Number of protein chains: 2
Amino acid sequence: MAIEVPKTRRGETSRAAILNAALDLFQERGYEATTMRSIAERTGVSLGSSYHYFPSKEHLVLEFYRHTHELHAAAIAPLLSREKDLATRLRGTIRAVVVTCEPFHAVAGSIFSTVANPASPLNPFGGIAKPLRDEVVQLYADVVSGSDARIPADIAEMLPLMLWLYQMGILYFWIFDRSPGRLRTLEVIDETTDLIVRLISLASLPVLRGSRKRILGLIKDIVERPQG
Amino acid sequence: MAIEVPKTRRGETSRAAILNAALDLFQERGYEATTMRSIAERTGVSLGSSYHYFPSKEHLVLEFYRHTHELHAAAIAPLLSREKDLATRLRGTIRAVVVTCEPFHAVAGSIFSTVANPASPLNPFGGIAKPLRDEVVQLYADVVSGSDARIPADIAEMLPLMLWLYQMGILYFWIFDRSPGRLRTLEVIDETTDLIVRLISLASLPVLRGSRKRILGLIKDIVERPQG
DNA sequence: ATGTGGATTTGAACATGTTCAACTTTCAGC
DNA sequence: GCTGAAAGTTGAACATGTTCAAATCCACAT
């Protein structure tokens, strides 16, 4: 059985080297084309060593996901500290997602599928990836709370999670996007982020009050009740 | 290279037998636990023969998908021919999806992930599975057009595809549902189908005119422009 | 310095999806 | 009924993710 964290300096070095080689190879050759043997070979360790630190190839994907999240968070930090307009913050954040992930576009399909697999421990809805998902959701909470928009409390409560889900949808679209410079995705982002902000303000209309309560109640119920 | 369709009577028999064994084993043991060797063994043919008719294990999933679609279509035929109320038609149709798929609940996660993989030829957005997707979308077109609801043309045009997408979301939720009798999913279906019908009627409000046009325009643009 | 116990490393072995070249069966045309 | 080409069948071989028992390394107490 693989361990979770290295206990010695040598172990730390090995783990980091294996992870590095894996991230490089994923980018160079894609997920499927990167074999566990090639990772071990590039690292300069034996095949078995990789499994000492990462229980499976899938678990390397989790680190990959964490890595891009860190890049993304760093990329948007200046925007979030300067900009106050919600639509601008949201557009910049989502644009940064696809810009950050651009080097991994070729791998993204396999990664996405791996992560979306409900049977996988990496699934963000319940496996070991939940902490990382929570971190990303928190990022969207910051996008909202750092803006000057006045969001009703019931919406504000569920909005970060919804924005995370929305981001996943954008990523899925982006994976299929073959347009030059991925312009198509950027157009869709600009239009949808603007629409989202518009819909949030429309949600305060009295005619929509009933549906809004029902929708938010449903979401809350789904999120808060255990299992599924 | 595998062939697409048997040319002899013997070939037809073999193909059908292999498919049968595969569907049975998927149900009995799940997708991963069903090996190509076990399929061949149960069928009474050699390993290589399976690959003569199905280029990969994934392609067997496509047939599995087709199979459940046929069960589903048959299950809702009476409802669609008798009922006129849109909400009732929609609720019955979506409920029938999860009821039909219930025997395959344990396999569904792997199946879903396989189908959702953008790199897979089975992906409904562009691979060989597109014809089958179109068939399912058509089913939702029937659900809508056979009702007595008056749907504005711009909405009616995109609604079937949106309902197909919605159905996928419900299936994903259902995969995670561990509640007894999958009651949780049924509750969510009842609430969401009702909400959908309500939102469709709200969409005709003058205040929402602008956003509605933008949303439908965006969807149409995404669907009709080639690639992504 | 030496022994010890845990951490780390190793590589052979295994399971399984996939490929392929050789072999066998089928059947349409004579 | 014969024949040859097309269709179907076979099983060995390969690639790759994963497991595991044995070997090695290393920090530390004695």
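Residue numbers start from 1 in every chain, and the chains themselves are labelled A, B, ... in the order their sequence lines are given, proteins ahead of strands. The shown structure was predicted, so the numbers you read here are calculated from the model rather than taken from an experiment. Side chains included, hydrogens not; waters and symmetry mates left out as well; all remaining heavy atoms used.
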Whole angstrom value for the distance that separates P of D:dG11 from CD1 of B:Ile39:
17 Å
What's A:Thr35 touching, base or sugar-phosphate or nothing? Going by heavy atoms closer than 4.0 Å.
sugar-phosphate
Distance in angstrom units between B:Leu60 CG and C:dG17 C1', rounded:
12 Å
Main chain of B:Ile189, side chain of B:Thr193: is a donor-acceptor contact present, judged purely on distance under 3.5 Å?
yes
Take the protein atom CD of B:Glu41 and the nucleotide atom P of D:dT10, then report the distance between them rounded to whole Å.
13 Å
From CZ of A:Phe54 across to C1' of D:dT16 the rounded distance in Å is 19 Å
Whole angstrom is fine here: how far is it from OH in B:Tyr51 over to P in C:dT18?
4 Å
For a quick test of reading the model: is some side-chain N or O of A:Ser46 closer than 4.0 Å to OP1 or OP2 of C:dT9?
no
Has B:Lys7 got a side-chain N or O lying under 4.0 Å from the OP1 or OP2 atom of D:dA6?
no
Would you say B:His52 places a side-chain N or O within less than 4.0 Å of OP1 or OP2 belonging to D:dG8?
yes
Taking the side chain from A:Thr13 and the backbone from A:Arg9, do they hold a donor-acceptor pair closer than 3.5 Å?
yes
Distance check needed: C:dG17 C1' versus B:Met36 CE, whole Å only.
8 Å
Side-chain N or O of B:Thr8 closer than 4.0 Å to phosphate OP1/OP2 of D:dG8:
yes
Have a look at the helix from C:dA1-D:dT30 to C:dC30-D:dG1 and give the angle its two end axes make, five pairs each, rounded to 10 degrees.
10°
Is the backbone of A:Leu62 close enough, under 3.5 Å, to the side chain of A:His67 for a donor and an acceptor to pair up by distance?
no
Please report the distance, rounded to the nearest Å, between CZ in A:Arg10 and P in D:dA27.
9 Å
Length of the NZ-P vector between A:Lys57 and C:dA15, whole Å:
21 Å
May I ask you to evaluate whether B:Arg37 reaches the phosphate of D:dG11, defined as a side-chain N or O under 4.0 Å from OP1 or OP2?
no
Is there a side-chain contact between B:Val144 and B:Leu163 (heavy atoms, below 4.5 Å)?
yes
Of B:Thr34 and B:Gly48, whose closest DNA chain C nucleotide lies nearer the 5' terminus?
B:Thr34
Donor-acceptor contact present, side-chain A:Ser56 to main-chain A:Glu58, <3.5 Å
yes
Upstream residue (5' side of DNA chain D) when A:Arg9 and B:Ser49 are each assigned their closest nucleotide
B:Ser49
Closest-nucleotide ordering on DNA chain C, the 5'-leading residue of A:Ser14 and B:Leu47:
A:Ser14
Can you see if the side chain of B:Tyr53 gets near the phosphate of D:dA7 - specifically, an N or O under 4.0 Å from OP1 or OP2?
no
For the backbone of B:Ser110 and the side chain of B:Thr114, can you confirm whether one donor and one acceptor N or O come within less than 3.5 Å of each other?
yes
Can a donor-acceptor pair be found, under 3.5 Å and without considering hydrogens, that links the side chain of B:Thr34 to the backbone of B:Leu25?
yes
Any sub-3.5 Å donor-acceptor pair from A:Arg89's side-chain atoms to A:Asp142's backbone N or O?
yes
N/O (side chain, B:Arg15) to phosphate O (OP1/OP2, D:dG8) under 4.0 Å
no
